[in-house]
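As structure tokens, the structure follows; a few thoughts come after it.
In what follows, chains carry the letters A, B, and so on, assigned in the order in which the sequence lines appear, proteins first and then strands, with residues in each chain numbered from 1. Keep in mind that what you see is a predicted model, and the values were worked out from it rather than measured.
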Amino acid sequence: MLQINIIRQDVARVKEKLAIKNFPGIELVDKIIVLDDDRKALQLELETLQSKVNSHSKTIGQLIAKGQKEEAENAKKSVADYKLQIGELNVKLAETEKLLLHELVKLPNLPSDKVPAGKTPEDNVLVREGGSKPHLPEQALPHWDLIKKYDIIDFETGAKITGSGFPLYKGQGARLQRALVQYFLDYNTAAGYTEYLPPFMVNEASAYGTGQLPDKEGQMYYMPADNFYMIPTSEVPLTNIYRDEIIKEENLPVKMTAYSPCFRREAGSFGKDVRGLNRVHQFEKVEIVQLAHPGKSYDALEEMVTHVEKLLGSLELPYRILKLCGGDMSFTSALTYDFEVYSAAQERWLEVSSVSNFEAFQANRAKIRFKDQNGKNQLLHTLNGSALALPRIVACLLENNQQENYIALPGVLHSYFGSGKIG
RNA sequence: GGAGAGAUGCCAGAGUGGUUGAAUGGGACGGUCUCGAAAACCGUUGUACUCGCAAGGGUACCCAGGGUUCGAAUCCCUGUCUCUCCGCCA
């Protein structure tokens with residue numbers, strides 16, 4: 001959520017920035033400012049009355065103490081009138097605040113100055129490419145065939161147990177998941193990230209704090225009996241660790257990593273994008289999150305990009321890094337780099353990580369702050385990225401490394417996997 | 001799931017209807033003393049919103065949400081969480 005004060009400071013700039021994100025409701029900005037003006041006026045009126053009630057009440061107390069009962073009774077009567085007005089104003093103010101918040105949460109984060117203009121993924125800017133694409137033989141198989149050939153992932157039985165998009169990993173397939181998670185966590189903690197194992201369900205306040213609610217409600221699995229949401233990413237519990245907290249400046253940046261399964265309803269997805277491991281309802285992911293000083297968040301972002309890049313390099317997968325254009329960025333992000341690996345058998349790029357700086361957008365809603373050197377509380381910047389999401393990494397590992405009778409695994413995984421190959 | 005106890009500032013912990021945004025202690029910060037430090041002493045030490053050019057005001061907040069009252073940290077209701085006991089259980 002954008003800070004209302006920042007919007008008010010430079011309305012023209014806010015509108016300009018929203019245009020880069022191709023936000024269709026620019027006029028919302030003016031509406032919000034009018035609502036905020038109303039709010040201020042109502043608040044002033046209300047507080048003036050409350051102030052009167054308070055001072056009268058004090059007087060009444062003193063009168064009673066002196067035994068002047070009649071004067072006290074008269075004073076009580078005069079307060080009753082204020083109380084009526086206060087009641088009405090309270091209702092109006094609450095309505096206005098609700099409306100203001102309702103509109104304010106509709107505004108996406110402002111893109112940073114570094115974000116290129118553009119509308120579709122074609123407008124994303126290629127930052128770097130790395131690794132080399134393998135030359136596969138004619139009869140190379142896509143991963144959905146390879147998993148059957150080696151009997152390592154069973155979608156049909158997963159569908160029987162739960163439903164479509166809930167893969168059942170088996171044997172070496174299950175072990176590969178464990179090996180990758182372990183490797184990623186070790187890699188992240190070696191870089192100074194503190195490892196967590198968070199709850200996989202969160203309450204409403206947490207889902208709201210990181211911005212999953214209210215706009216992405218339909219994408220989460222929901223448990224009505226307890227009002228819990230299954231996490232779509234461990235970013236949610238990790239970031240919410242510091243919700244409503246004030247961090248000491250010397251403890252910045254806060255660097256966290258966690259493995260978790262991720263649950264996504266993916267309502268509305270269809271077609272070849274969802275084939276095999278490309279899009280599933282439950283998948284494993286290791287996430288990195290940073291809470292950074294506002295002046296240092298873009299350095300932190302670059303650091304995270306390098307961190308993920310080296311990790312992909314160590315898996316010996318062909319990758320590329322894209323800087324997302326305004327139109328392809330998420331609602332909450334100020335700057336995002338996407339990491340894609342090349343799936344040789346599908347002959348397409350698959351997104352495996354997305355590293356973003358949210359600036360103060362999440363922190364404003366979740367009230368994540370630090371005390372600066374002047375003793376003033378300031379919002380932090382939040383950043384996160386995947387390091388890494390497993391399914392598409394697995395798809396590429398299988399496809400790109402397929403041999404006639406086995407699948408070769410990159411050297412870094414051998415000790416974790418207990419073998420150098422599948423099959 | 002059943003029974004009971006509790007939730008107050010950075011921490012501990014008073015406070016059971018009237019200048020209480022909150023005693024006291026600890027911590028932290030500033031100062032005095034000291035060559036320096038410790039000790040001692042003095043002082044400072046919440047957040048959000050809002051009015052104001054400023055100085056300086058106002059309002060709200062003692063888990064959360066309602067209620068009673070002229071007035072609530074204090075009384076009532078509901079919820080959440082924590083602890084203890086019982087039950088169940090990997």
Note to self: For a quick check under 3.5 Å, do Ser354(A) and Asp338(A) share a side-chain donor-acceptor pair by atom type?
What the structure shows: yes
Output the rounded distance in Å from [atom1] ([X]) to [atom2] ([N]).
X	N	atom1	atom2	value
Glu47(A)	C61(B)	CD	P	11 Å
Ile246(A)	A48(B)	CD1	C1'	11 Å
Lys40(A)	C51(B)	NZ	P	5 Å
Arg39(A)	C51(B)	CZ	C1'	13 Å
Asn90(A)	G66(B)	CG	C1'	13 Å

inquiry  = At 4.0 Å (heavy atoms only), tell me whether Gln43(A) reaches a base, stays on the sugar-phosphate, or touches nothing.
reply    = base
For a quick check of understanding: with a heavy-atom distance under 4.0 Å over all strands, which category does Lys371(A) fall into, base, sugar-phosphate or nothing?
sugar-phosphate
Watson-Crick or G-U counterpart of [N], or none if no pair lies under 3.5 Å:
N	result
C49(B)	G58(B)
C89(B)	none
G43(B)	C29(B)
A38(B)	none
A5(B)	U82(B)
C70(B)	G18(B)

Salt bridge between [X] and [Y], side-chain N to carboxylate O under 4.0 Å?
X	Y	result
Lys15(A)	Asp30(A)	yes
Asp36(A)	Arg39(A)	yes
Glu303(A)	Lys255(A)	yes

(message) It should be established whether Arg369(A) places a side-chain nitrogen or oxygen under 4.0 Å from OP1 or OP2 of nucleotide U47(B).
(response) no
>> When the P atoms of G6(B) and C63(B) are compared, how many Å lie between them, rounded to an integer?
In response: 14 Å
Side-chain donor-acceptor pairs under 3.5 Å in residues 79-88 of chain A, sequence neighbours left out?
none

Exercise. Look at the rings of Tyr259(A) and Phe200(A) and say which category their plane angle falls in: under 30° parallel, 30 to 60° tilted, over 60° perpendicular.
Key: perpendicular
With the criterion being N/O to N/O and under 3.5 Å, what pairs connect the protein with nucleotides 69-72 of chain B, and how long is each?
{"unit_1": "C70(B)", "atom_1": "O2'", "unit_2": "Ser57(A)", "atom_2": "OG", "d": "3.0"}
{"unit_1": "G71(B)", "atom_1": "OP1", "unit_2": "Lys83(A)", "atom_2": "NZ", "d": "2.2"}
{"unit_1": "G71(B)", "atom_1": "O4'", "unit_2": "Ser57(A)", "atom_2": "OG", "d": "3.3"}

Tell me which nucleotide among A48(B), C49(B), C51(B) gets nearest to the side chain of Leu44(A).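 Nucleotide nearest to Leu44(A)'s side chain: C51(B).
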Mind checking the CG-OH spacing from Asn357(A) to Tyr337(A)? Nearest 0.5 Å is all I need.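 The OH atom of Tyr337(A) is 10.0 Å from CG of Asn357(A), to the nearest 0.5 Å.
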Open item on the list: Go nucleotide by nucleotide along RNA chain B from the 5' end; which of Lys52(A) and Phe228(A) gets its closest nucleotide reached first?
Closed with: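 Upstream on the strand: Lys52(A).
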Let me spell it out: for each of Asn377(A) and Asp36(A), pick the nucleotide of RNA chain B with the closest heavy atom. Which residue's pick is nearer the 5' end?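 It is Asn377(A) whose nearest nucleotide is closer to the 5' end.
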